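Since this is a predicted model, take the numbers as computed values, not measurements. Within every chain, numbering begins at 1; the chains are lettered A, B, ... in the order of the sequence lines, protein sequences first and strands thereafter.
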There are 2 protein chains.
Amino acid sequence: MGTMGRPREFDAKQALDKALDVFWRHGYEGTSISELTHAMGISPPSLYAAFGNKEKLFRSALDRYAEVRKQVWTELMSEPTARAMMERLFDRVIGFYATEGNPHCCMLVKGTLTSGDCGHVLADHMSAKRAESEQMLVERFTKAKASGELPEEIEPKDLAGYYMTVLDGMSVRAASGASRDELRKVAALAMRGWPGQ
Amino acid sequence: MGTMGRPREFDAKQALDKALDVFWRHGYEGTSISELTHAMGISPPSLYAAFGNKEKLFRSALDRYAEVRKQVWTELMSEPTARAMMERLFDRVIGFYATEGNPHCCMLVKGTLTSGDCGHVLADHMSAKRAESEQMLVERFTKAKASGELPEEIEPKDLAGYYMTVLDGMSVRAASGASRDELRKVAALAMRGWPGQ
DNA sequence: CCACATCTGTAGCGTTCACTACATATATGG
DNA sequence: CCATATATGTAGTGAACGCTACAGATGTGG
C-alpha cells in the first residue's frame, strides 16, 4: 500500500546530510533554522514535518555522524596490531581535519563544548556517542593484551582514555588552525608513549 | 584633579571577574547581556559605558583570564626540572577541572570551539592567548635541553605542542564529565612518553 | 548656586530566534 | 469525481537578543 497524501519533494537522507554539515561546522546553538533550511533546500514547515524540531534534527544528525564514524573505525579495528590501528587512526583523523573545506573538528567535541557547562539536554546523547568510540578502543586493546601485544600492567581502559584524550586535543588544535605537520608531530609523540618492549 | 561627573557605584574589576565567570561557563555566544548584567549586579547602560559592548567585554575577560593563568604557569616554570614542572602542571589543571563548582574546561578551549568554524573575530585573540602559554612550555623545554635534561633529538616546540594537545584534550574530557581519577590516569600515560633515559 | 559631566534605572528600539497558522497543491482510497 | 491525508510556500507569531534614548540622580569646577 502506498502512503496517502502529497509526497515530499525532497530526499530526507540528503537533507539530513546537509544539516549534519551545518551543525558540524557551527555547533548546535550556533546554527539557526534559517541556515538549515537554506542549506537543506527546504522551507521551515517541511523541516518541522520531517524532523520534528531543531533539537530532534540535531540528534538525528548526530546519529548519522556516529554511524559514519563507526564504519570508519570498525574498518581500522581489523589492522593486524593495535599499534598499527592507532597509527592509522591518527593518520585518518589528521588527514581529515587538515584538509581544506572539511570541518576542522570532531562534531562531538564541538557539541560537548558548545552545549552549556553541564546539564544540557544534548550532553547525555553526545557523551553516549563518545563512549561508544572509546569502547571500541577498549575492546581492541583488550584483544591486544590477550595476544601479548600489550604488557600485563596496562589497563585497556586507561590506554583508551589516554588516546581518546589526545584525539580530542587534536580536534581542539585543528579547530584553532594547527597544520597537518604539527598534528603529525603530536601523533608521533603520542605514539612514543606506546607501552611495551 | 578628581574626575568630573557622577562616580560609578560598582567596582569595575569585581564586575569583570563576574563576567569572566559567566563567559567561562557558558562561552561567548551562550552568554546573554541579561545574564551578564544580573551576575555583575549592574544595568545594561552601566555595562556598555564601562566595557564598550559584549565583544569588548569578552576580550577584557579573556585578558583577565590569561593574566591569572600566566601567573600560575610562571610559578610552575621555576620547578627544578621540566618533567617536575609538567607533572605539577597536570596536577594543578586536574585539581581545578575536577573540583565541584569550578568550570570544567579551559576558557580558551571552549571559546575556540564555540566561535564558528573559522574567521570569527575573536578567534585570533584566543589563538594568541593559547600561543602565549605554549611559548612558555617551549622556553622551559629549551632550557631543559640546554641543561641536558632532554635529549638532542627532541624539538622543544614539538614537545610543547604535544603536551598542550593533551591538556586541551583533558579540558574536553573534563567538560564531558571525566572524573579526577580518569584524568590522573591520562596524565600518567602522557608522562610515560616523556623523552630521555 | 549654577553649569557641566558622568552614572543609573526604566523602558523600548530594531532584529533575529525557533516555530506555526493558513491557504494551496498533490497524492491516495473509494 | 470526491473525500481524505500529507507536503508546500508565505507570512507572521511571541520571545529573546544586543543595544540605546531618555530622564533623573550625583558628583566636580567655577
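Each of B:Gly5 and B:Thr31 was matched to the nucleotide of DNA chain D holding its nearest heavy atom; the match closer to the 5' end belongs to B:Thr31. DNA chain D is contacted by both B:Ile33 and A:Ala49; A:Ala49 maps to the nucleotide lying nearer its 5′ end (nearest heavy atom per residue).
With B:Tyr28 as the aromatic partner, B:Lys54 meets the cation-pi criteria of under 6.0 angstrom to the ring centre and within 45 degrees of the ring axis.
In this structure, CG of A:Leu36 is placed 12 Å from C1' of C:dC17, rounded to the nearest angstrom. To the nearest angstrom, P of C:dT16 lies 12 Å from CD of A:Glu35. For the pair B:Glu9 CD and C:dC7 C1', the interatomic distance rounds to 7 Å; values are reported in whole Å. Rounded to a whole Å, the NZ atom of B:Lys56 is 15 Å from the C1' atom of D:dT20. Distance, A:Phe58 CZ to C:dA18 P: 13 Å, rounded to whole Å.
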TODO: Please assess A:Arg25 against A:Asp21 for the test salt bridge (Lys or Arg N to Asp or Glu O under 4.0 Å), listing each intermediate value before the final yes or no.
DONE: CA-CA 6 Å; A:Arg25 291 175 194 277; A:Asp21 186 69; 3.1 Å; yes
TODO: Walk me through it: do A:Val72 and A:Leu89 pass the test side chain to side chain contact (heavy atoms under 4.5 Å, CB included)?
DONE: CA-CA 9 Å; A:Val72 173; A:Leu89 180 52; over 6 Å; no
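If you check C:dA25, C:dA18, D:dT26 against the side chain of A:Arg6, the one that comes closest is C:dA25. For A:Ser34, the listed nucleotide lying nearest its side chain is C:dC17; candidates were D:dG18, C:dC17, C:dC7. Proximity note for B:Asn53 (side chain, C-beta onward) versus D:dA7, C:dC19, D:dC19: the nearest is D:dC19. Checking D:dC19, D:dG29, D:dT8 against the side-chain heavy atoms of B:Met4 singles out D:dG29 as nearest.
Side-chain contact annotation: B:Arg8 with B:Ser46, donor-acceptor N/O pair under 3.5 Å absent.
No donor-acceptor distance shorter than 3.5 angstrom exists from the side chain of A:Glu79 to the backbone of A:Leu76, with no hydrogens or angles considered.
Within the structure, side chain to side chain donor-acceptor pair (under 3.5 Å) pairs that include any residue of residues 184-193 of chain B do not occur (at least two apart or interchain).
Taken residue by residue, residues 40-48 of chain A places heavy atoms nearer than 4.0 Å to DNA chain D at A:Ser43, A:Pro45, A:Ser46.
The residue from B:Tyr97, B:Tyr65, B:Phe58 that alone fulfils the ring pair (Phe, Tyr, Trp, His ring centres under 6.0 Å) condition with B:Trp24 is B:Tyr65.
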